[in-house]
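Since the structure comes first, as structure tokens, the remarks are kept for the end.
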Amino acid sequence: MRLTILGGGGFRVPLVHRALLDDARRDTPGRCTELVLYDTDSMRMRVISSVLAAQAEGVPGAPSVRLAHSLDDALRGTDFVFSAIRVGGTAGRVLDERIPLSEGVLGQETVGAGGVLYGLRTVLVALEIAERVAAVAPGAWVINFTNPAGMVTEAMSAVLGRRVIGICDSPVGLVRRAAHAAGADPDRVSFDYVGLNHLGWLRSLSVDGEDLLPGLLADDAALGSFEEGKLFGADWLRALGALPNEYLHYYYFRRETLRSVLESPETRGQFLDEQQSGFFAQAAAAPDRSYELWERARLQRESTYMAESRAASGGWQRDSCDLDGGGYDRVALALMGAVARDEPTRLILNVPNGTTVPGLAPDAIIETVCEVTGEGARPLPCAPLREDQLGLMLQLKAVERATITAAVHEDRDAALRALALHPLVDSPAVAARILERAGRGAVRRTGGDASPLLA
């Protein structure tokens with residue numbers, strides 16, 4: 001089986017490769033035997049390939065690694081495409097965060113105005129990729145991790161239909177942490193999870209038909225033993241009657257998180273921009289140390305994840321069990337295995353809604369529990385949503401769709417609507433200033449490849 005990674009010079013590519021090596025050690029039937037990397041930054045791609053070479057030493061049956069030098073070359077003959085691109089690079093993310101913050105609203109990679117700006121310049125590139133997949137590798141399945149993942153998956157689905165599936169590591173991490181806190185084996189639990197990407201709720205957690213979530217919500221000590229319990233607090237979780245995705249902290253605790261971000265010496269994007277620039281420069285100069293340098297940077301990256309939200313909720317360090325990295329890599333391989341071997345499994349994925357959430361259009365991409373087989377992913381029925389959950393989903397879906405419309409049709413009114421209607425912006429005047437400032441910085445941010453709305 002051949003797997004192509006678009007964004008092959010990405011910092012987290014070795015996590016996917018690590019999971020592929022685990023398959024090789026187990027001699028998993030139908031495993032990946034060839035990994036193709038493609039990236040517009042050839043230096044980064046060479047550095048990552050040196051990390052992979054060091055990681056694969058001594059592993060029998062490790063997949064071969066090939067560097068492709070054009071998109072069509074990377075796609076031709078592939079079985080699966082893993083899309084994890086970053087249009088504008090980490091420098092673009094810095095501006096996505098800093099411009100909204102200058103207007104007193106949250107700037108974050110996928111949430112709020114930052115997510116809209118990122119989507120505006122990413123959607124057209126994602127659509128171009130989808131069109132090349134359809135032309136060059138029509139039988140391939142696309143697994144999308146490019147952020148904003150729900151929005152990008154929805155745009156690509158207009159071309160690829162059900163052959164594009166979005167993934168995220170946040171929901172699976174939440175389920176596993178909650179199961180451990182409830183004293184259950186994460187591999188034995190069943191669960192009800194529904195929402196949009198970076199906006200969802202775990203609403204039941206069962207073993208042998210018994211829902212463990214009410215008991216977990218009633219136990220202060222158990223809630224204080226894992227990340228989401230610390231992040232949201234026992235009182236608020238009991239009021240919600242559910243465990244929210246960690247990104248909902250930006251919505252439920254907007255003032256506290258915004259204050260924490262404004263007080264921080266640098267944004268998350270600035271930290272990653274500086275860290276990754278340093279790593280790639282060092283690794284390019286010393287390829288024999290690339291794996292050591294990568295592992296050190298990875299651990300630092302994981303330990304500082306969502307640091308502002310943790311500071312806003314009292315300040316605490318991540319547990320060592322949460323620093324193993326990955327998550328999305330395991331979801332990706334589980335998805336590929338289920339499709340390639342037609343082995344039914346259940347995963348939380350980003351797929352067309354169908355009739356799962358009656359308030360949303362059938363083609364709207366939602367994030368929910370799916371049954372995966374050789375035919376792809378099918379969303380399972382879920383319990384009715386509460387009004388607050390559905391209301392937030394409807395508003396954010398309107399923002400996502402307006403962003404797609406703006407990017408595809410160069411519609412500035414739709415871009416303004418997407419920004420102004422976001423609950424973390426909620427001001428047309430602020431939205432207009434953000435859009436204007438983002439436009440002035442677009443060429444510097446992307447090297448000239450910006451959406452026309454930002455150029």
Side-chain angles (χ1 to χ4, degrees), residues 15 167-253 256-257 260 299 301-331 334 345-349 367-370 380 382-383 385-386 388-389:
L15 295 173
I167 65 170
C168 183
D169 48 356
S170 290
V172 67
L174 170 58
V175 171
R176 296 189 72 83
R177 287 188 290 271
H180 281 303
D185 180 351
D187 295 325
R188 291 190 59 232
V189 296
S190 57
F191 40 84
D192 177 352
Y193 181 97
V194 68
L196 306 179
N197 181 241
H198 289 181
L199 189 99
W201 299 265
L202 178 62
R203 304 182 304 159
S204 73
L205 185 73
S206 303
V207 175
D208 298 329
E210 178 189 358
D211 189 357
L212 306 180
L213 190 57
L216 176 58
L217 291 173
D219 188 336
D220 283 8
L223 289 175
S225 70
F226 67 106
E227 292 208 354
E228 286 76 9
K230 298 173 187 175
L231 198 61
F232 293 98
D235 287 346
W236 181 234
L237 292 177
R238 281 193 281 268
L240 287 175
L243 294 177
N245 182 292
E246 59 201 346
Y247 283 85
L248 274 159
H249 194 267
Y250 294 113
Y251 297 89
Y252 291 145
F253 293 89
E256 294 85 351
T257 305
S260 178
L299 286 171
R301 174 187 176 122
E302 296 293 339
S303 67
T304 56
Y305 177 65
M306 293 196 77
E308 295 90 353
S309 290
R310 285 186 280 113
S313 58
W316 42 276
Q317 298 299 313
R318 300 190 77 194
D319 293 332
S320 59
C321 62
D322 295 315
L323 302 183
D324 61 349
Y328 79 93
D329 49 318
R330 292 189 288 269
V331 178
T345 190
R346 292 192 175 186
L347 298 169
I348 299 173
L349 302 168
E367 189 169 78
T368 193
V369 184
C370 297
L380 298 176
C382 71
L385 281 88
R386 280 191 346 205
D388 59 298
Q389 296 168 345

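Only heavy atoms go into these numbers, but all of them, side chains included; no hydrogens, no water, no symmetry mates. Since the model is a prediction, treat every value here as computed from it, not as a measurement.
- Closest approach of Ser204 to Leu213, counting heavy atoms only: N-CD2, 3.7 Å.
- Between Tyr252 and Trp236, a ring centre-to-centre spacing shorter than 6.0 Å is recorded.
- Side-chain contact between Leu237 and Pro244: present, with at least one pair of heavy atoms (C-beta onward) separated by less than 4.5 Å.
- Leu199 contributes atom CG, which lies 7.5 Å from atom CG of Asn245 (distance to the nearest 0.5 angstrom).
- Across all non-hydrogen atoms, the minimal contact from Trp201 to Ala242 is CB-CB, 4.3 Å.
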Begin from the C-alpha positions of Leu240 and Phe232 and carry the test side chain to side chain contact (heavy atoms under 4.5 Å, CB included) through to its verdict. CA-CA 10 Å; Leu240 287 175; Phe232 293 98; 5.5 Å; no
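- Using a 4.0 Å cut-off between charged nitrogen and carboxylate oxygen, Asp169 and Arg330 do not count as a salt-bridge pair.
- Between Ala178 and Leu216 the shortest heavy-atom distance is O-CD2, 3.8 Å.
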Verdict with reasoning, Val194 to Arg203, per side chain to side chain contact (heavy atoms under 4.5 Å, CB included): CA-CA 8 Å; Val194 68; Arg203 304 182 304 159; 3.6 Å; yes
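- Between the Gln389 side chain and the Arg386 main chain, a donor and an acceptor come within less than 3.5 Å of each other.
- By the 4.5 Å heavy-atom criterion applied to side chains, Arg346 and Cys370 are not counted as neighbours.
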Using the ring pair (Phe, Tyr, Trp, His ring centres under 6.0 Å) rule, take His180 and Phe226 through it: C-alpha gap first, then chi angles, then the decisive distance, then the call. CA-CA 9 Å; His180 281 303; Phe226 67 106; over 10 Å; no
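- Across all their heavy atoms, Glu367 and Cys168 have their closest contact at OE2-CB, 3.5 Å.
- The shortest heavy-atom contact between Thr345 and Ala334 is CG2-O, 4.4 Å.
- No hydrogens or angles considered: nothing links the side chains of Tyr247 and Asn197 as a donor-acceptor pair under 3.5 Å.
- In this structure, CG in Leu385 is found 8.0 Å from CG in Asp192, a value given to the nearest 0.5 Å.
- Taking the side chain as every heavy atom from C-beta outward, Leu174 and Glu227 never approach each other to under 4.5 Å.
- Remark: the backbone N or O of Phe253 is paired with a side-chain donor or acceptor of Thr257 at under 3.5 angstrom.
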